[in-house]
Chemist: 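Here it is, the structure in full.
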Amino acid sequence: MTVIDPDTKAGWVPEADEVDEEEEMPLSLRLSIADTLTLGNATCGFMAVYFTTTGILIPHLTGSQETGMARHSAATAVILMLCAAVFDLFDGLVARKLRSSPMGAELDNLSDLISFGLAPAYFVLVYGMVADDAHQRVAAVGAIVVLLAVVLRLARFSCVTVKDGTFQGMPSPFGALTVVSIVLLELPFVATLLAILGTAWLMVSRVEYPKPRGRLAVAMLSWIVLSMGLLAAWAFDAPSGQLLLQTGCALQLVMGAVIPLFATARRVNNFRDNRREARAAQLP
């Protein structure tokens, strides 16, 4: 309906925006099953920070000597990060099989920042405050480096296209688990800090890592379940629980170091093969 302004004698009609505001949210912007799994990832990351604070940091600041409580809380925090990795693994699989909302990619990056950026960085920070031979300010710098490495990695992942089936740089879930494994190994402070900085560098490097699909996804899930078992054995002070945990953490570090070596060797071999093919093509 057109309304006439008595002063200007001009007509005007209601703006379209007034009608659009009353429309229901499009179906494409509603949460999908994959988005729900992604939110589970973020929840696990936040709860990991919570248990690190209430079970490790606060007892240390209040002078509590309950080492068992700190061990249980540390194990719980790392298990929650492992659960976040499981959610991160399955939300991608579900998104490929079922419909994913346009918010999926953004939700995934934000959740990964909480679970694999903030949570492990905070774990390193608290380690620097409670460990006997640690230096709080230096550990804080290491924690910031871990956080910024994950931020840069996630930002690059959103705007850089790589060949299918690979990641450029160590994936943030793998990097987060490697960082907490370094802390749980209880190495000397300098060695711990150097290993953490090396992991942060791998996350922003151009080293190619395979995406967890098919058998590799099954192997990764099995490793996560095994790691949860090792953490539970350590938390409840099972026989040889400390040795089992250190063995699992050492294996995590070995995988973090070996995968780049295999990736580099494969790139070198591909480069040599391409040069040989180019030389062979130039021969008469």
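Reckoned from all heavy atoms, side chains included, excluding hydrogens, waters and symmetry mates.
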Chemist: Could you pull out the closest heavy-atom pair between Ala235 and Arg71, with the gap in Å?
Modeler: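 That closest heavy-atom pairing would be O-NE, 3.5 Å.
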
Chemist: Which residues pass the side chain to side chain contact (heavy atoms under 4.5 Å, CB included) test with Gln242, not counting sequence neighbours?
Modeler: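 Once residues adjacent in sequence are excluded, the partners of Gln242 under the side chain to side chain contact (heavy atoms under 4.5 Å, CB included) criterion are Glu186, Trp234, Gln246.
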
Chemist: Does one hydrophobic cluster hold both Leu193 and Leu185, with members joined at side-chain heavy-atom distances below 4.5 Å?
Modeler: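 Yes, one cluster joins them.
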
Chemist: Is there a donor-acceptor contact under 3.5 Å from the side chain of Thr192 to the main chain of Leu187?
Modeler: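 Flag set: sc Thr192 to bb Leu187 pair under 3.5 Å.
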
Chemist: SG/Cys44 to CG/Leu39 distance, rounded to the nearest 0.5 angstrom?
Modeler: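 The distance works out to 11.0 Å.
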
Chemist: State the CZ-OG distance between Phe46 and Ser111, to the nearest 0.5 angstrom.
Modeler: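 Interatomic distance, Phe46 CZ to Ser111 OG, rounded to 0.5 Å: 13.5 Å.
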
Chemist: To the nearest 0.5 angstrom, please state how far the CG atom of Asp88 sits from the CG atom of Asn41.
Modeler: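 Taking CG in Asp88 and CG in Asn41, the distance rounds to 5.5 Å.
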
Chemist: Kindly state each residue pair satisfying ring pair (Phe, Tyr, Trp, His ring centres under 6.0 Å) with at least one member in residues 104-136, sequence neighbours excluded.
Modeler: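 Checked against ring pair (Phe, Tyr, Trp, His ring centres under 6.0 Å) - neighbours excluded - the pairs reaching residues 104-136 are His135-Phe189.
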
Chemist: Considering non-hydrogen atoms only, spot the tightest contact between Gly45 and Ile114 and give its length.
Modeler: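 In terms of heavy atoms, the two residues are closest at C-CG2, 4.0 Å.
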
Chemist: Nearest 0.5 Å please: distance from the CD1 atom of Ile79 over to the CE atom of Met81.
Modeler: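 Interatomic distance, Ile79 CD1 to Met81 CE, rounded to 0.5 Å: 11.0 Å.
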
Chemist: Hey, could you give me the CG/CG distance between Leu118 and Asp112, rounded to the nearest 0.5 Å?
Modeler: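 It comes to 12.5 Å.
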
Chemist: Which pair of heavy atoms, one from Leu147 and one from Gly117, lies closest together, and at what distance?
Modeler: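 Heavy atoms of Leu147 and Gly117 come nearest at CD1-C, 3.7 Å.
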
Chemist: With a 6.0 Å cut-off (strictly less than), is the heavy-atom count around CG of Leu148, excluding the residue itself, greater than 12?
Modeler: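 Above 12, so yes.
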
Chemist: Taking only distance into account, with no hydrogens and no angle test, what donor-acceptor pairs under 3.5 Å do side-chain atoms of residues 172-182 form with protein atoms, sequence neighbours excluded?
Modeler:
from: Thr178; atom 1: OG1; to: Phe174; atom 2: O; distance (Å): 2.7
from: Thr178; atom 1: OG1; to: Gln252; atom 2: NE2; distance (Å): 3.1
from: Ser181; atom 1: OG; to: Leu177; atom 2: O; distance (Å): 2.7

Chemist: So, Thr62 side chain and Pro59 main chain: donor-acceptor pair closer than 3.5 Å or not?
Modeler: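 Yes; judged by distance alone, with no hydrogens or angles, the pair exists.
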
Chemist: Nearest 0.5 Å please: distance from the CG atom of Asp35 over to the CG atom of Asp108.
Modeler: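 Asp35 CG to Asp108 CG: 9.5 Å, rounded to 0.5 Å.
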
Chemist: Shared ILVMFWY cluster between Trp201 and Tyr209, side chains joined below 4.5 angstrom?
Modeler: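 Per the 4.5 Å side-chain linkage, Trp201 and Tyr209 are co-clustered.
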
Chemist: Looking at Leu230 and Gly248, what are the two nearest heavy atoms and their distance?
Modeler: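 Heavy atoms only, the tightest pair is CD1-CA, 3.8 Å.
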
Chemist: Take Leu221 and Val86, measure what side chain to side chain contact (heavy atoms under 4.5 Å, CB included) needs, and give me the verdict at the end.
Modeler: CA-CA 7 Å; Leu221 182 61; Val86 173; 4.1 Å; yes

Chemist: If you take all heavy atoms of Leu202 and Gly256, which pair is closest and at what distance?
Modeler: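 Leu202 and Gly256 have their closest heavy atoms at CD1-O, 3.8 Å.
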
Chemist: So, applying side chain to side chain contact (heavy atoms under 4.5 Å, CB included) with Leu231, which one of Leu244, Thr76, Leu82 is it?
Modeler: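 Of all the options given, the one that passes is Leu82.
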
Chemist: Say whether Leu253 and Val183 are linked into one hydrophobic cluster, either directly or through other cluster members, by side-chain heavy-atom distances under 4.5 angstrom.
Modeler: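 Same cluster.
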
Chemist: Give the intermediate values and the outcome of side chain to side chain contact (heavy atoms under 4.5 Å, CB included) for residues Met203 and Val150.
Modeler: CA-CA 7 Å; Met203 283 194 279; Val150 175; 3.9 Å; yes

Chemist: Using modelled atom types and a 3.5 Å cut-off, is there a donor and acceptor pairing between side-chain atoms of Arg153 and backbone atoms of Gln168?
Modeler: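 Side chain of Arg153 to backbone of Gln168, a donor-acceptor pair under 3.5 Å: yes, one is there.
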
Chemist: Do Leu113 and Leu80 belong to the same hydrophobic cluster, where Ile, Leu, Val, Met, Phe, Trp and Tyr are linked whenever their side-chain heavy atoms lie under 4.5 Å apart, directly or via other members?
Modeler: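 Different hydrophobic clusters.
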
Chemist: Hydrophobic cluster membership, with links at side-chain heavy-atom distances under 4.5 Å among I/L/V/M/F/W/Y: are Met220 and Met228 in one?
Modeler: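 Linked within one cluster.
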
Chemist: Does any part of the side chain of Phe87, heavy atoms only, come nearer than 4.5 Å to the side chain of Thr43, both counted from C-beta?
Modeler: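 No, every pair of side-chain atoms sits at 4.5 Å or beyond.
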
Chemist: Looking only at non-hydrogen atoms, find the nearest pair between Cys249 and Leu184 and report the distance.
Modeler: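 Residues Cys249 and Leu184, closest heavy atoms: SG-CB, 3.8 Å.
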
